[in-house]
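Structure first, commentary second.
In the text below, chain A, chain B and the rest are named by the order of the sequence lines, each starting its count at 1.
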Protein chains: 2
Amino acid sequence: MIQPLPLFWQRYSCRRFLNTPVPPDFLESILEAARWAPSAGNLQPWRFFLVKNREIQRGLAQAAYGQEFVLEAPAVIVVCALPEVSAKKYGERGRSLYCLQDSAAAVQNILLEAVRLGLASCWVGAFQESAAAQVLGLPSGERPVAIVPLGYPGEPMPQERPRAPLEKIVRRIE
Amino acid sequence: MIQPLPLFWQRYSCRRFLNTPVPPDFLESILEAARWAPSAGNLQPWRFFLVKNREIQRGLAQAAYGQEFVLEAPAVIVVCALPEVSAKKYGERGRSLYCLQDSAAAVQNILLEAVRLGLASCWVGAFQESAAAQVLGLPSGERPVAIVPLGYPGEPMPQERPRAPLEKIVRRIE
(Lines give C-alpha, C1' and ligand atoms only; values in the text may rest on other atoms or scores of the structure.)
Protein backbone atom coordinates (compact mmCIF):
# COMPACT_ATOMS: atom_id res chain seq x y z
CA MET A 1 0.00 0.00 0.00
CA ILE A 2 1.30 3.40 -0.99
CA GLN A 3 0.93 6.03 1.70
CA PRO A 4 -0.38 9.43 0.64
CA LEU A 5 1.56 12.60 1.25
CA PRO A 6 1.96 12.84 5.05
CA LEU A 7 0.67 16.43 5.09
CA PHE A 8 -2.87 15.13 4.67
CA TRP A 9 -2.95 13.30 7.98
CA GLN A 10 -0.50 15.59 9.79
CA ARG A 11 -3.04 18.40 9.63
CA TYR A 12 -5.18 18.67 12.74
CA SER A 13 -7.40 21.30 14.32
CA CYS A 14 -5.17 23.22 16.71
CA ARG A 15 -6.82 25.64 19.13
CA ARG A 16 -3.83 26.80 21.15
CA PHE A 17 -0.83 28.59 19.73
CA LEU A 18 2.57 29.76 20.95
CA ASN A 19 3.12 33.49 21.14
CA THR A 20 5.96 33.15 18.64
CA PRO A 21 5.16 35.28 15.60
CA VAL A 22 4.76 33.56 12.26
CA PRO A 23 7.53 34.63 9.86
CA PRO A 24 6.02 36.95 7.23
CA ASP A 25 7.52 34.82 4.46
CA PHE A 26 5.55 31.86 5.75
CA LEU A 27 2.30 33.78 5.51
CA GLU A 28 3.12 34.83 1.95
CA SER A 29 3.80 31.24 1.01
CA ILE A 30 0.49 30.20 2.55
CA LEU A 31 -1.37 32.87 0.62
CA GLU A 32 0.44 31.83 -2.53
CA ALA A 33 -0.78 28.27 -1.94
CA ALA A 34 -4.34 29.60 -1.66
CA ARG A 35 -3.91 31.55 -4.88
CA TRP A 36 -3.20 28.34 -6.79
CA ALA A 37 -6.40 26.62 -5.74
CA PRO A 38 -8.65 25.49 -8.57
CA SER A 39 -11.87 27.34 -9.30
CA ALA A 40 -14.77 26.84 -11.67
CA GLY A 41 -13.97 28.62 -14.91
CA ASN A 42 -10.79 29.89 -13.20
CA LEU A 43 -12.91 32.74 -11.85
CA GLN A 44 -10.95 32.82 -8.57
CA PRO A 45 -14.04 33.99 -6.66
CA TRP A 46 -12.21 34.74 -3.43
CA ARG A 47 -10.57 37.33 -1.22
CA PHE A 48 -8.21 36.69 1.66
CA PHE A 49 -7.84 38.89 4.72
CA LEU A 50 -4.55 38.50 6.52
CA VAL A 51 -5.21 39.80 10.03
CA LYS A 52 -2.54 40.50 12.61
CA ASN A 53 -4.45 43.01 14.69
CA ARG A 54 -5.78 42.25 18.15
CA GLU A 55 -8.83 44.47 17.90
CA ILE A 56 -9.94 42.95 14.64
CA GLN A 57 -9.17 39.48 15.96
CA ARG A 58 -11.25 40.26 19.05
CA GLY A 59 -14.16 41.14 16.79
CA LEU A 60 -13.70 37.97 14.78
CA ALA A 61 -13.54 35.88 17.97
CA GLN A 62 -16.81 37.46 19.10
CA ALA A 63 -18.38 36.77 15.71
CA ALA A 64 -17.19 33.18 16.22
CA TYR A 65 -19.22 32.79 19.41
CA GLY A 66 -16.28 33.60 21.64
CA GLN A 67 -13.74 31.13 20.33
CA GLU A 68 -10.78 32.70 22.10
CA PHE A 69 -8.05 31.16 20.00
CA VAL A 70 -9.13 33.40 17.12
CA LEU A 71 -7.99 36.31 19.28
CA GLU A 72 -4.90 34.58 20.63
CA ALA A 73 -3.43 33.27 17.37
CA PRO A 74 -0.49 35.28 16.01
CA ALA A 75 -2.19 35.52 12.61
CA VAL A 76 -5.61 34.87 11.16
CA ILE A 77 -6.65 34.45 7.54
CA VAL A 78 -10.30 35.07 6.75
CA VAL A 79 -11.35 33.50 3.48
CA CYS A 80 -14.18 35.20 1.64
CA ALA A 81 -16.16 33.84 -1.30
CA LEU A 82 -17.49 36.11 -4.02
CA PRO A 83 -20.86 34.54 -4.84
CA GLU A 84 -21.87 37.10 -7.43
CA VAL A 85 -18.69 36.60 -9.42
CA SER A 86 -19.56 32.92 -9.80
CA ALA A 87 -23.26 33.64 -10.28
CA LYS A 88 -22.55 35.99 -13.16
CA LYS A 89 -21.18 33.09 -15.19
CA TYR A 90 -22.93 30.09 -13.64
CA GLY A 91 -26.16 31.36 -12.10
CA GLU A 92 -27.46 29.83 -8.91
CA ARG A 93 -25.07 26.88 -9.11
CA GLY A 94 -22.18 29.31 -9.08
CA ARG A 95 -23.61 31.28 -6.19
CA SER A 96 -24.52 28.40 -3.90
CA LEU A 97 -22.03 25.71 -4.90
CA TYR A 98 -18.99 26.61 -7.02
CA CYS A 99 -17.82 29.65 -5.08
CA LEU A 100 -18.11 27.68 -1.84
CA GLN A 101 -16.18 24.74 -3.27
CA ASP A 102 -13.53 26.98 -4.80
CA SER A 103 -12.94 28.89 -1.59
CA ALA A 104 -12.92 25.64 0.38
CA ALA A 105 -10.19 24.30 -1.90
CA ALA A 106 -8.24 27.46 -1.14
CA VAL A 107 -8.75 26.90 2.60
CA GLN A 108 -7.47 23.36 2.28
CA ASN A 109 -4.35 24.61 0.48
CA ILE A 110 -3.85 27.09 3.32
CA LEU A 111 -4.09 24.36 5.96
CA LEU A 112 -1.74 22.02 4.11
CA GLU A 113 0.89 24.63 3.37
CA ALA A 114 0.76 25.71 7.03
CA VAL A 115 1.52 22.14 8.11
CA ARG A 116 4.37 21.94 5.62
CA LEU A 117 5.91 25.00 7.26
CA GLY A 118 5.63 23.56 10.75
CA LEU A 119 2.59 25.63 11.66
CA ALA A 120 -0.81 24.60 12.90
CA SER A 121 -4.25 25.96 12.18
CA CYS A 122 -7.94 25.41 12.61
CA TRP A 123 -10.73 25.72 10.05
CA VAL A 124 -13.36 27.74 11.91
CA GLY A 125 -16.74 27.65 10.24
CA ALA A 126 -18.95 28.42 13.22
CA PHE A 127 -19.35 32.18 13.15
CA GLN A 128 -21.95 34.78 12.36
CA GLU A 129 -21.18 35.85 8.85
CA SER A 130 -22.82 39.24 9.19
CA ALA A 131 -20.81 40.03 12.32
CA ALA A 132 -17.53 38.95 10.72
CA ALA A 133 -18.37 40.97 7.61
CA GLN A 134 -18.97 44.03 9.74
CA VAL A 135 -15.68 43.62 11.61
CA LEU A 136 -13.80 43.46 8.32
CA GLY A 137 -15.86 46.14 6.60
CA LEU A 138 -16.75 43.81 3.77
CA PRO A 139 -18.69 45.04 0.76
CA SER A 140 -21.92 43.19 0.06
CA GLY A 141 -20.40 40.91 -2.59
CA GLU A 142 -17.89 39.32 -0.21
CA ARG A 143 -19.06 36.48 1.99
CA PRO A 144 -16.79 35.29 4.81
CA VAL A 145 -16.79 31.50 4.69
CA ALA A 146 -13.84 30.46 6.87
CA ILE A 147 -11.74 31.92 9.67
CA VAL A 148 -8.32 30.30 9.89
CA PRO A 149 -6.11 31.12 12.90
CA LEU A 150 -2.47 30.21 12.32
CA GLY A 151 0.58 29.83 14.49
CA TYR A 152 3.12 27.49 15.97
CA PRO A 153 1.22 24.74 17.72
CA GLY A 154 0.70 25.15 21.47
CA GLU A 155 -0.97 21.76 21.75
CA PRO A 156 0.00 18.46 20.15
CA MET A 157 -1.87 16.46 17.59
CA PRO A 158 -4.64 14.53 19.40
CA GLN A 159 -3.90 10.86 19.87
CA GLU A 160 -7.39 9.93 18.77
CA ARG A 161 -8.23 11.11 15.29
CA PRO A 162 -11.08 8.89 14.25
CA ARG A 163 -11.83 8.47 10.58
CA ALA A 164 -14.27 6.05 9.02
CA PRO A 165 -12.42 3.25 7.23
CA LEU A 166 -12.34 3.32 3.46
CA GLU A 167 -14.74 0.39 3.19
CA LYS A 168 -17.40 2.51 4.89
CA ILE A 169 -17.03 5.57 2.67
CA VAL A 170 -16.00 4.16 -0.70
CA ARG A 171 -18.09 2.26 -3.20
CA ARG A 172 -16.41 0.63 -6.15
CA ILE A 173 -18.00 0.15 -9.53
CA GLU A 174 -15.75 -1.86 -11.83
CA MET B 1 10.38 34.46 -0.75
CA ILE B 2 9.56 30.91 0.26
CA GLN B 3 7.86 28.90 -2.44
CA PRO B 4 4.88 26.81 -1.42
CA LEU B 5 4.75 23.10 -2.02
CA PRO B 6 5.02 22.65 -5.81
CA LEU B 7 1.95 20.38 -5.89
CA PHE B 8 -0.29 23.41 -5.52
CA TRP B 9 0.71 24.97 -8.82
CA GLN B 10 1.51 21.69 -10.58
CA ARG B 11 -2.16 20.75 -10.49
CA TYR B 12 -4.04 21.69 -13.63
CA SER B 13 -7.30 20.71 -15.27
CA CYS B 14 -6.48 17.87 -17.63
CA ARG B 15 -9.14 16.74 -20.06
CA ARG B 16 -7.26 14.13 -22.05
CA PHE B 17 -5.77 10.98 -20.60
CA LEU B 18 -3.56 8.14 -21.77
CA ASN B 19 -5.16 4.71 -21.97
CA THR B 20 -2.64 3.44 -19.42
CA PRO B 21 -4.54 2.12 -16.42
CA VAL B 22 -3.98 3.79 -13.07
CA PRO B 23 -2.31 1.37 -10.63
CA PRO B 24 -4.89 0.28 -8.05
CA ASP B 25 -2.50 1.26 -5.23
CA PHE B 26 -2.50 4.81 -6.55
CA LEU B 27 -6.26 5.00 -6.37
CA GLU B 28 -6.22 3.68 -2.82
CA SER B 29 -3.68 6.31 -1.84
CA ILE B 30 -5.85 9.00 -3.43
CA LEU B 31 -8.90 7.79 -1.54
CA GLU B 32 -6.87 7.69 1.64
CA ALA B 33 -5.91 11.33 1.06
CA ALA B 34 -9.60 12.18 0.71
CA ARG B 35 -10.39 10.33 3.92
CA TRP B 36 -8.04 12.63 5.86
CA ALA B 37 -9.74 15.83 4.76
CA PRO B 38 -11.04 18.03 7.56
CA SER B 39 -14.77 18.26 8.23
CA ALA B 40 -16.94 20.29 10.56
CA GLY B 41 -17.31 18.37 13.80
CA ASN B 42 -15.35 15.55 12.14
CA LEU B 43 -18.66 14.34 10.73
CA GLN B 44 -17.01 13.18 7.49
CA PRO B 45 -20.20 13.89 5.53
CA TRP B 46 -19.03 12.24 2.32
CA ARG B 47 -19.06 9.17 0.13
CA PHE B 48 -16.69 8.39 -2.72
CA PHE B 49 -17.54 6.33 -5.77
CA LEU B 50 -14.56 4.83 -7.53
CA VAL B 51 -15.75 4.10 -11.04
CA LYS B 52 -13.89 2.02 -13.59
CA ASN B 53 -16.83 0.97 -15.69
CA ARG B 54 -17.47 2.32 -19.17
CA GLU B 55 -21.24 2.15 -18.98
CA ILE B 56 -21.38 4.06 -15.74
CA GLN B 57 -18.81 6.51 -17.04
CA ARG B 58 -20.91 7.00 -20.15
CA GLY B 59 -23.87 7.89 -17.95
CA LEU B 60 -21.76 10.29 -15.92
CA ALA B 61 -20.43 11.91 -19.09
CA GLN B 62 -23.99 12.40 -20.28
CA ALA B 63 -24.98 13.87 -16.91
CA ALA B 64 -22.00 16.21 -17.38
CA TYR B 65 -23.42 17.61 -20.61
CA GLY B 66 -21.39 15.30 -22.80
CA GLN B 67 -17.92 15.98 -21.42
CA GLU B 68 -16.30 13.03 -23.17
CA PHE B 69 -13.20 12.82 -21.01
CA VAL B 70 -15.39 11.56 -18.15
CA LEU B 71 -16.01 8.50 -20.31
CA GLU B 72 -12.45 8.23 -21.60
CA ALA B 73 -10.55 8.51 -18.31
CA PRO B 74 -9.23 5.22 -16.92
CA ALA B 75 -10.84 5.99 -13.55
CA VAL B 76 -13.37 8.43 -12.14
CA ILE B 77 -14.06 9.37 -8.55
CA VAL B 78 -17.45 10.85 -7.82
CA VAL B 79 -17.51 12.77 -4.56
CA CYS B 80 -20.85 12.93 -2.78
CA ALA B 81 -21.79 15.16 0.14
CA LEU B 82 -24.20 14.01 2.83
CA PRO B 83 -26.17 17.18 3.60
CA GLU B 84 -28.47 15.62 6.16
CA VAL B 85 -25.57 14.29 8.20
CA SER B 86 -24.26 17.85 8.58
CA ALA B 87 -27.76 19.29 9.01
CA LYS B 88 -28.52 16.96 11.87
CA LYS B 89 -25.80 18.62 13.95
CA TYR B 90 -25.58 22.08 12.39
CA GLY B 91 -28.95 22.79 10.77
CA GLU B 92 -29.14 24.77 7.58
CA ARG B 93 -25.51 25.93 7.84
CA GLY B 94 -24.45 22.30 7.85
CA ARG B 95 -26.67 21.43 4.92
CA SER B 96 -25.81 24.31 2.62
CA LEU B 97 -22.26 25.20 3.67
CA TYR B 98 -20.26 22.78 5.84
CA CYS B 99 -20.94 19.59 3.91
CA LEU B 100 -20.03 21.37 0.67
CA GLN B 101 -16.83 22.76 2.14
CA ASP B 102 -15.88 19.44 3.71
CA SER B 103 -16.40 17.51 0.49
CA ALA B 104 -14.54 20.21 -1.46
CA ALA B 105 -11.56 19.84 0.87
CA ALA B 106 -11.67 16.12 0.13
CA VAL B 107 -11.73 16.85 -3.61
CA GLN B 108 -8.70 19.09 -3.26
CA ASN B 109 -6.82 16.33 -1.41
CA ILE B 110 -7.72 13.97 -4.25
CA LEU B 111 -6.38 16.38 -6.87
CA LEU B 112 -3.15 17.03 -4.98
CA GLU B 113 -2.42 13.40 -4.21
CA ALA B 114 -3.06 12.58 -7.86
CA VAL B 115 -0.44 15.13 -8.92
CA ARG B 116 2.00 13.73 -6.39
CA LEU B 117 1.62 10.31 -8.02
CA GLY B 118 2.23 11.67 -11.51
CA LEU B 119 -1.41 11.60 -12.48
CA ALA B 120 -3.66 14.33 -13.76
CA SER B 121 -7.29 15.10 -13.11
CA CYS B 122 -10.07 17.58 -13.59
CA TRP B 123 -12.60 18.87 -11.09
CA VAL B 124 -15.87 18.63 -12.99
CA GLY B 125 -18.67 20.60 -11.38
CA ALA B 126 -20.88 21.16 -14.40
CA PHE B 127 -23.30 18.24 -14.36
CA GLN B 128 -26.92 17.50 -13.61
CA GLU B 129 -26.92 16.21 -10.09
CA SER B 130 -30.16 14.27 -10.48
CA ALA B 131 -28.86 12.49 -13.57
CA ALA B 132 -25.56 11.60 -11.92
CA ALA B 133 -27.43 10.38 -8.83
CA GLN B 134 -29.58 8.15 -10.98
CA VAL B 135 -26.58 6.69 -12.80
CA LEU B 136 -24.98 5.79 -9.48
CA GLY B 137 -28.20 4.70 -7.81
CA LEU B 138 -27.70 7.15 -4.98
CA PRO B 139 -30.05 7.20 -2.01
CA SER B 140 -31.73 10.54 -1.36
CA GLY B 141 -29.25 11.61 1.34
CA GLU B 142 -26.26 11.54 -1.01
CA ARG B 143 -25.61 14.54 -3.22
CA PRO B 144 -23.02 14.25 -5.99
CA VAL B 145 -20.93 17.43 -5.86
CA ALA B 146 -17.87 16.65 -7.97
CA ILE B 147 -16.87 14.27 -10.75
CA VAL B 148 -13.11 13.72 -10.91
CA PRO B 149 -11.68 11.80 -13.88
CA LEU B 150 -8.15 10.57 -13.23
CA GLY B 151 -5.37 9.21 -15.36
CA TYR B 152 -1.94 9.74 -16.77
CA PRO B 153 -1.98 13.08 -18.56
CA GLY B 154 -2.57 13.00 -22.29
CA GLU B 155 -2.09 16.74 -22.58
CA PRO B 156 0.52 18.97 -20.96
CA MET B 157 0.03 21.69 -18.42
CA PRO B 158 -1.19 24.82 -20.27
CA GLN B 159 1.46 27.46 -20.71
CA GLU B 160 -0.97 30.17 -19.67
CA ARG B 161 -2.38 29.66 -16.22
CA PRO B 162 -3.52 33.10 -15.20
CA ARG B 163 -3.97 33.88 -11.53
CA ALA B 164 -4.71 37.25 -10.00
CA PRO B 165 -1.64 38.58 -8.18
CA LEU B 166 -1.69 38.50 -4.40
CA GLU B 167 -2.09 42.26 -4.15
CA LYS B 168 -5.42 41.95 -5.90
CA ILE B 169 -6.85 39.21 -3.72
CA VAL B 170 -5.27 39.82 -0.30
CA ARG B 171 -5.99 42.56 2.17
CA ARG B 172 -3.75 43.02 5.14
CA ILE B 173 -4.88 44.31 8.50
CA GLU B 174 -1.93 44.76 10.87
Side-chain angles (χ1 to χ4, degrees), chain A residues 1-5 7-9 11 13 25-26 28-33 35-38 40 42 44 46-53 56 90 93 96-98 100-105 107-109 111-113 116-117 123 125-126 136 145-146 162-166 169-174, chain B residues 1-5 7-9 11 13 25-26 28-33 35-38 40 42 44 46-53 56 90 93 96-98 100-105 107-109 111-113 116-117 123 125-126 136 145-146 161-164 166 169-174:
Chain A
M1 165 93 190
I2 297 170
Q3 293 302 322
L5 190 70
L7 290 182
F8 297 124
W9 58 262
R11 185 215 59 80
S13 292
D25 271 8
F26 284 25
E28 296 309 307
S29 183
I30 287 167
L31 291 166
E32 183 71 9
R35 194 172 81 96
W36 281 103
N42 195 27
Q44 306 165 61
W46 47 51
R47 290 288 181 279
F48 305 95
F49 282 76
L50 173 58
V51 181
K52 290 188 282 186
N53 174 299
I56 300 293
Y90 297 114
R93 193 163 171 86
S96 62
L97 181 64
Y98 295 163
L100 302 177
Q101 293 180 313
D102 300 342
S103 53
V107 174
Q108 181 64 358
N109 278 10
L111 304 186
L112 293 172
E113 177 65 6
R116 192 184 75 91
L117 295 167
W123 184 329
L136 296 172
V145 289
R163 286 290 191 285
L166 283 185
I169 58 173
V170 175
R171 283 177 225 152
R172 296 155 201 277
I173 307 180
E174 313 232 342
Chain B
M1 166 92 190
I2 298 169
Q3 294 300 323
L5 190 70
L7 289 182
F8 296 123
W9 59 262
R11 185 215 59 80
S13 292
D25 271 8
F26 284 24
E28 296 307 307
S29 183
I30 287 167
L31 292 166
E32 183 71 9
R35 194 172 80 97
W36 281 103
N42 196 28
Q44 307 165 60
W46 48 49
R47 290 287 182 279
F48 305 95
F49 282 77
L50 174 58
V51 181
K52 289 188 283 186
N53 174 298
I56 300 292
Y90 295 114
R93 194 164 172 85
S96 62
L97 181 64
Y98 295 162
L100 302 178
Q101 293 180 313
D102 300 342
S103 53
V107 174
Q108 182 64 358
N109 278 11
L111 304 186
L112 293 172
E113 178 66 7
R116 191 183 77 90
L117 295 168
W123 183 331
L136 296 172
V145 289
R161 312 179 63 221
R163 287 290 192 284
L166 283 185
I169 58 173
V170 176
R171 284 177 223 152
R172 296 155 201 277
I173 307 180
E174 313 233 343

Legend entry - Main-chain N/O of A:Y98 paired with A:Y90 side-chain donor or acceptor, under 3.5 Å: no
Legend entry - Proximity breakdown for B:R47 and chain A, heavy-atom pairs closer than 4.5 Å: both
Inset, instruction - Under 4.5 Å heavy-atom distance to chain A, tell me which part of B:W123 shows up: side chain, backbone, both or neither. - result: side chain
Inset, instruction - Heavy atoms only: give me the nearest B:W9-A:W36 pair and the separation to one decimal. - result: CB-CD2, 3.5 Å
Inset, instruction - Would you mind reporting whether A:L166 and B:E32 have side-chain heavy atoms less than 4.5 Å apart? - result: yes
Legend entry - Residue among A:P165, A:A33, A:A104, A:S13 with most heavy-atom pairs under 4.5 Å to chain B: A:A33
Legend entry - When B:K52, B:R35, B:R172 are compared by non-hydrogen pairs under 4.5 Å with chain A, the top option: B:R35
Legend entry - Contacting region of B:R11 [heavy-atom separation from chain A under 4.5 Å]: side chain
Inset, instruction - Look at B:A126, B:A146, B:A105 and state which one has the largest set of heavy-atom pairs under 4.5 Å with chain A. - result: B:A105
Legend entry - Winner by heavy-atom pair count (cut-off under 4.5 Å) against chain B, out of A:G125, A:P38, A:S96, A:P162: A:P38
Legend entry - Separation between CZ of B:F8 and CD of B:Q108, rounded to the nearest 0.5 Å: 7.5 Å
Legend entry - From CD (B:E113) to CD (B:E28), nearest 0.5 Å: 12.0 Å
Inset, instruction - Side-chain contact test, heavy atoms from C-beta onward, threshold under 4.5 Å: evaluate it for A:V107 versus A:V145 and give yes or no. - result: no
Legend entry - chain B interface, residue from A:Q44, A:R171, A:Q3, A:E174 that has the most non-hydrogen pairs under 4.5 Å: A:R171
Inset, instruction - Count the heavy-atom pairs under 4.5 Å between each of A:L117, A:L97, A:L7, A:L136 and chain B, then report the option with the highest count. - result: A:L97
Legend entry - Most chain B-contacting option - heavy-atom pairs closer than 4.5 Å, from A:I56, A:V170, A:I30, A:L111: A:V170
Inset, instruction - May I ask you to name which of A:L100, A:D25, A:N53, A:N109 has the most heavy-atom pairs under 4.5 Å with chain B? - result: A:N109
Inset, instruction - Report the distance from atom CH2 of B:W46 to atom CD1 of A:I169, rounding to the nearest 0.5 Å. - result: 7.0 Å
Legend entry - Spatial distance of atom CG (A:L112) from atom CG (B:L5) [nearest 0.5 Å]: 8.0 Å
